[in-house]
Structure formats: C-alpha cells, structure tokens
Amino acid sequence: MNPFHDAIRALVTSALGLPADTVVAIATPPNPAMGDYTVAMFPFAKALGAKPPELAQRVTAAFAAGGALSSVTAAGPFVNVRISRPAFFAHVLGLVGAGRDSWGGNADGAGKTVVIDYSSPNISKHLAYHHIRSTMIGHSLCRIYAANGWKTVGLNFLGDWGTTHGMLLAAWERWGAGIDLAEDGVAKLNALYVQFRAAMKEDATLEPLARTWFKRLEDGDAGARDLWERFRQVSLAEFEKVYSKLGVAFDAVRGESYYEGKMQPVIDDLAAKGLLVESEGARVVDLTDRKLPPCILVKSDGATIYATRDLASATDRWDSWHFDRALYVVDKGQTVHFKQWFAVAEKAGWPFAGRMVHVQFGQVLFGGRKTSTRAGGAVLLHEVLDEAAKEIEAVIAEKNPSMTADKRSEVARQVGYGAIVYADLSKLRSGDVEFDWERLLSFEGDTGPFCQYQHARIASVVRKAGADLSLADASLLGTEEEWRTALLVADFPQKVRDACAKDEPSIVATYALDLCRAFSSWYAQGSKDAALKVNCDDAPTANARLALASAVRQTLANALFLIGLAAPEEM
RNA sequence: GUCCCCGUAGCUCAGUUGGAUAGAGCACAGCUUUCCUAAAGCUGGGGUCGCAGGUUCGAAUCCUGCCGGGGAUACCA
C-alpha cells in the first residue's frame, strides 16, 4: 500500500529468509533522530532461534544502498530505517495530487453494502444536545465507509409509534384547539405531552384514553391518522433544520410505523421454528443458553415491543438492500437489547444473522448524571450550534475585520458548528461525555476551529502565491518540519482504513489534529527565518513548499469531510 | 447478585493493537508577531498510567482479584 513500507518488508523478510507475506510491524521510533520507521526483531527471534540484536545486524548487513531506503541501522534489537527523502516527497505529492478529493480512500468495500441506522429521534420531541452523538457518529461512519469503497445507506429510524403518541393525540383533543403548529410546533407538542403526563397522575381516565387514541391510530382511523401525520411532518421539518446545519442527509427515513404491518410474519416464522414460548403471559424467545434475559416479542396484553420492531425492520432492510453489514449507532445503555435480538436472528437462522453490529457510544452526562428529556430543561442541539456560531462570529469580526458581513456569517456557521461537532467526534466513542459549555465554546488548542484555521491558512497562502504547483520540484524539500509533515500526510490512507475497521470516527479527528500541529509548527518556522517561509523568496523552493502545503490542505479537507466539518478557504 | 463500559498530568483526552525516555490541549510561568493576522509557535514545571498479583526478553496495553464512577438487568424505547 506504500512502496516505502513494502521496501522495508522486503528487506526484512529476505534478509531473515522469511516468507514474503510474513507480518512485519512497521512503527515510528520514539525519537525522530533515530529514524523514520522502525521494526522490532523480537517477534522473529523464537522462530529463527537467534537473538534479536543479531537479527537486526543481519538485516543491516543485507541492506544495499539505492532505491527507496537511504539507510538502515541496528539499534540493539531494533532496525531503524531512513527512507530516501526526495523520492518520498515526490511520492506524497504525486499521490495527493492524483487523488484530490478521493485521496486517502480505497476500494476495500467494493461491491459491499452497509446500512447505517443513526440519529433516530422520537417525533414530537426536540433534538436535544445528546442527539449529536448518534447523529454525527453515524453521519461520519457513512462517509468513512463510502471512502473505503462501500455502498452506504444512511437510515433514520424515527420513533413515531406507540402509546406515547396516543397520549399526544389525546392531549391535542383536550387542549389543542387554537394551537398553531406552524411556528415552534415541536415545542408546543412537547409541552402538550409533558402536560398530559402530569395530568395522568391526577386523573385515572387519561391513560385508557391515550390507549384508545393509539388503538384508533393502529386501526387506521382517518382523524387520528391525519393528526399523527401532521405531528410527524412538523417534527421532521424541525429536525431537518438541524440536520441541514450539520450537513446530514439520510438515504431513507423509516419510522417504527413503517414496520407496523411487517411484524406478524416475523412472529409467525419464529413460532413455526418453535422458538416462541409462553412465559408469564408474554411470548418470548428463551436465551438462557446465551446468558441473556428472554427476548419479549409479544407482551402479555398482546401488543408488540421494540425488539419485534427491530427484527421486522432488519428483515425489511435485508429485503431492501441485502446488506453485508448493518450498523446501529445507539448508546451503550441498549447493549442488552441488541444482543438479545441479534441472538434471536441467529437462532432463527435468518440470512442476515451475524451481519448486525451495535456501534455503541457513551452517554452525555449533566453533572455526572444521565440526561432526562422528560424532566425538561434539556439543552437543545440547535441552541448549542447557534450559540457557537454567534460566539465565533465575534471572533472573526475582531481578527478579520475586512471580511464582508455575509461571508462572516457563513464562515461563523462553518466554524461554530465545527467546534461543536469536533468536540464530540474527537473522543473515542465508548466513553461518557460531560456536557460543558465552556469546553464546547473554546476555539483554541485541540479544537475543530484550530484545524479549520490551518486549512484556511494554507488555502490563503496558496491562493495569494498564485504559483503553478504542477512545476514543483520535490527535491527542494527537506527541512525537518517539512519531513515530519510529509510523513503524516502519507499516513492518511491507513487512518481511513483503521477508522472503518473500528467504526471509530475519532481516529480521523485525532489524525487531522496531528497533521495540523505538524503543519503549524512548520509554518511558524517562517517567522524565525524568512528563508524558511512556505512562500519564500526563492521561487523554485517556494513552489515545492506550496505544493506540499497544498497536499496538506487537500488531506485536511478530506479528513474534515469524513468527520462532517467544513473546510473554509478563509476565516 | 450477574453482566457491560470507564479509571493515564490539577482539568479534558491521545497512546501506532505487547516495544526504546508515557504524549497533546486547557490552566500556570516565560519568550516569539511583514506568508492568514498570536484562532498560532517555542521553552519550562507538572505522572507510583486506580490498587495488588500474574503471564515474558519487555505491560498503560493481555489474565485474575480488589477499589472507585457510570450503565444494564423480560413486558418503555
């Protein structure tokens, strides 16, 4: 995948007489002064019956100068390798230049389809801040899988069914007269829902009323159906406002209601296979052999439950797309639920069994506790996004007063939203995250705006220089800072693979930051010594440096795209 | 009770799948502004990698047991 890595592998395997396909772990030495890459000899010692330092000597002795590698030295049990810098610089510039927007991607997933279930909010409720996790991790995974050659289907699985929606219909009947849903519809619906739940505690007739309304909905009663459809549309329109801010678009929106008619065949099939047993009045699949609680599919009152809907929906997704993999980007609190119905699919021997993955993530905590949207007072996602854009707009006005108001507003949204998204995606999925306004609204250091700033900086320097980068002579590159930057650029394709293999967008986010730091360090050299500027006085050197900077910019733009951040040309 | 996740600098987090002296940012002390502008760079202090064992040439990383935090644990999603 990288001719320089290939050369190192070839050298090691041939020197030690190992098969050419032996796994050779190529790492970065702790100190750049030691070399560009390093290979530890320990893994080969046992098989070859020799001590690691001796093997390192053998590799060194077999090295012949010329080609991709410039020097090979033994440091005890390690073999440190320096690669030919002019060749490497030329290689990097060529790759990025040829790849452009697709640079970093691969075709590993060619012919394969992944269905990614993400965001999946409940209608008639706001998108709260914590929805950013599923929404952006899922969105980013769509792009990462696509960059790895997969066909992706992004799916929003709306919570639009169940007795809670009956409550809302009942509440509307009581108090809905005169309410205009055209403006802040979701807020009004949510208020009605909260009001109804509160009233239920006082008035025992309300819960049956809600059930009756839901029954009407299930039976296709036109009045109930129309009203529910209206609530659904109002909610979707409001979700869409937030999604468009984030650049999120789905390939399909299928709510729980969509699968309503598809559950009976699932139940029948499980019953026919003898998997469905009666237990405490409910119909369940026993999972004691998997050390799991039984999976309830039909409640004792005869109604279905979310496991039934998930099974029906998986079946439907299989019929629609014949996926090779289906990701469920859902918080880790639902781990048992997913294990249960994945197990049911396996027991039933369905063709898609084993292809589902629960991509779990940690929860957003407020003061160390899980959020409760029911308790009210939840922080809304659009509020956080708007606040960040507002704050950053003031910063831009101060730092870049010549920018027009329109442009400033556009860039403020890109960078403000970028700050919020980056703050979430830069962390490993698995950990819980504490909601912290101060940290979300910081634009310095390990942040999205820092990455975007480096991108804008490079774009501006290159734009103003107006040089013909196709004439760049890579042999004129060579400072330590340029070198470290180029090495990082070359790592990008592997990061795109790793992020996909682990379903982990933070790998790309962390990488983007590392690349920015390397570039920023390099760029700052120019303030100490004008000869070290990117756009220095010596035209051929400037051309080569601008070409490398341009490669960094392209890499950065591609990385930011994968995590859903805009890459502004100026800021 | 059982199961899952987490525990690394004062705070927020990385750590190349077991490798050489554990790294960033924030905060703190200081220094540096004619390329996009300091939204940055450089220097410095700051660590028993929760604790105790084990596995081996070698452990923040793997195994076991504790401690601490969060979550799940059949008719909500």
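All values below come from the heavy atoms of this structure, side chains included, with hydrogens, waters and symmetry mates left out. Below, chains carry the letters A, B, ... as their sequence lines are ordered, and counting in each starts from 1.
- Comparing the same atom, C1', in B:A59 and in B:G18 gives a spacing of 7 Å after rounding to whole Å.
- Both geometric conditions, a ring-centre gap below 5.5 Å and a plane tilt below 30°, are fulfilled for A:Phe78 over the base of B:A20.
- Classified by interplanar angle (parallel below 30°, tilted 30° to 60°, perpendicular above 60°), the ring pair A:Tyr328/A:Phe338 is tilted.
- Applying the 4.0 Å criterion to OP1 and OP2 of B:U16, one finds that A:Tyr511 has every side-chain N and O outside that range.
- Rounded to whole Å, the P atom of B:A24 lies 15 Å from the corresponding atom of B:G15.
- Rounded to whole Å, atom P of B:G25 lies 18 Å from atom CD of A:Glu438.
- For A:Pro29, whose side chain is taken as the heavy atoms from C-beta onward, the closest listed nucleotide among B:A20, B:C42, B:A40 is B:A20.
- To the nearest 0.5 angstrom, A:Leu513 atom CG is 8.0 Å from A:Thr447 atom OG1.
- No donor-acceptor pair under 3.5 Å is formed between the side chain of A:Arg545 and the backbone N or O of A:Leu477.
- Across all strands, A:Phe42 comes closer than 4.0 Å to base atoms (heavy-atom distances).
- No side-chain donor from either of A:Asp310 and A:Thr308 sits under 3.5 Å from a side-chain acceptor of the other.
- Residue A:Phe450 places its side chain closer to B:G41 than to any other of B:G71, B:A20, B:G41.
- The distance from atom CD of A:Glu444 to atom C1' of B:A24 is 15 Å, rounded to the nearest whole Å.
- For the P atoms, the distance linking B:C3 with B:C63 amounts to 15 Å, nearest Å.
- As the counterpart of B:G23, B:C13 is assigned, both hydrogen-bonding distances of the Watson-Crick or G-U wobble pattern falling under 3.5 Å.
- A distance of 6.0 Å or more separates the ring centres of A:Phe157 and A:Tyr306.
- Applying the salt bridge (charged side-chain N to carboxylate O under 4.0 Å, His left out) definition to pairs two or more places apart or across chains, those involving residues 506-526 of chain A are A:Asp446-A:Arg517, A:Asp514-A:Arg517.
- Residues that satisfy the side-chain contact (heavy atoms from CB on, under 4.5 Å) test with A:Arg484, not counting sequence neighbours, are A:Ser521.
- The residue A:Glu280 sits close to a base: some heavy atom pair falls under 4.0 Å.
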Checklist outcome for this item: Scoring nucleotides 6-15 of chain B by protein non-hydrogen atoms under 4.0 Å (B base, S sugar-phosphate only, - none) yields -----SSSSS
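- When A:Trp213, A:Trp161, A:Phe214 are each tested for a side chain to side chain contact (heavy atoms under 4.5 Å, CB included) with A:Trp228, only one passes: A:Trp161.
- Distance, A:Phe338 CZ to B:C5 P: 17 Å, rounded to whole Å.
- For B:C28, the paired base is B:G44 (Watson-Crick or G-U wobble, both distances below 3.5 Å).
- Of the C1' atoms belonging to B:U21 and B:C62, the separation is 23 Å, rounded to the nearest Å.
- If you measure from atom OH of A:Tyr259 to atom C1' of B:A77, you get 16 Å, rounded to the nearest angstrom.
- For the segment residues 281-293 of chain A, residues with any heavy atom less than 4.0 angstrom from an atom of RNA chain B are, sorted by number, A:Ala282, A:Val284.
- Across every strand in view, B:A52 sits in a pair with B:U64 that passes the Watson-Crick or G-U test at under 3.5 angstrom.
- Nucleotides B:U8 and B:U12 have their C1' atoms positioned 12 Å apart, rounded to a whole Å.
- Atom OG in A:Ser426 sits 7.5 Å away from atom CG in A:Asp424 (nearest 0.5 Å).
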Next on the checklist: Can you build the contact string for nucleotides 29-35 of chain B? Use B for base contact, S for sugar-phosphate-only contact, and - for no protein heavy atom under 4.0 Å.
Outcome noted: ------B
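- When the C1' atom is compared between B:G45 and B:C31, the two are found 15 Å apart, to the nearest whole Å.
- We find that NE2 of A:His130 is positioned 15 Å from P of B:G71, with the value rounded to whole Å.
- Checking B:C3 for Watson-Crick or G-U wobble geometry (two distances, each under 3.5 Å) identifies B:G71 as its partner.
- Nucleic acid contact for A:Asn400: base, since at least one base atom lies under 4.0 Å from a heavy atom of the residue.
- Taking the C1' atom of each, B:A52 and B:G46 are spaced 27 Å apart, rounded to whole Å.
- Residue A:Thr335 is out of contact with every strand shown, counting any heavy-atom pair closer than 4.0 Å.
- Following rounding to the nearest Å, A:Asn122 (CG) and B:A77 (C1') show an atom-to-atom distance of 7 Å.
- When rounded to the nearest whole Å, the span between CZ of A:Arg484 and P of B:G41 equals 12 Å.
- A straight line from CG of A:Leu365 to P of B:G69 spans 14 Å, rounded to a whole angstrom.
- Residue A:Thr38 places none of its side-chain N or O atoms closer than 4.0 Å to OP1 or OP2 of B:A20.
- Listed by chain and number, the residues in a ring-ring contact (aromatic ring centres under 6.0 Å, His included) with A:Tyr118 are A:Phe250 (sequence neighbours excluded).
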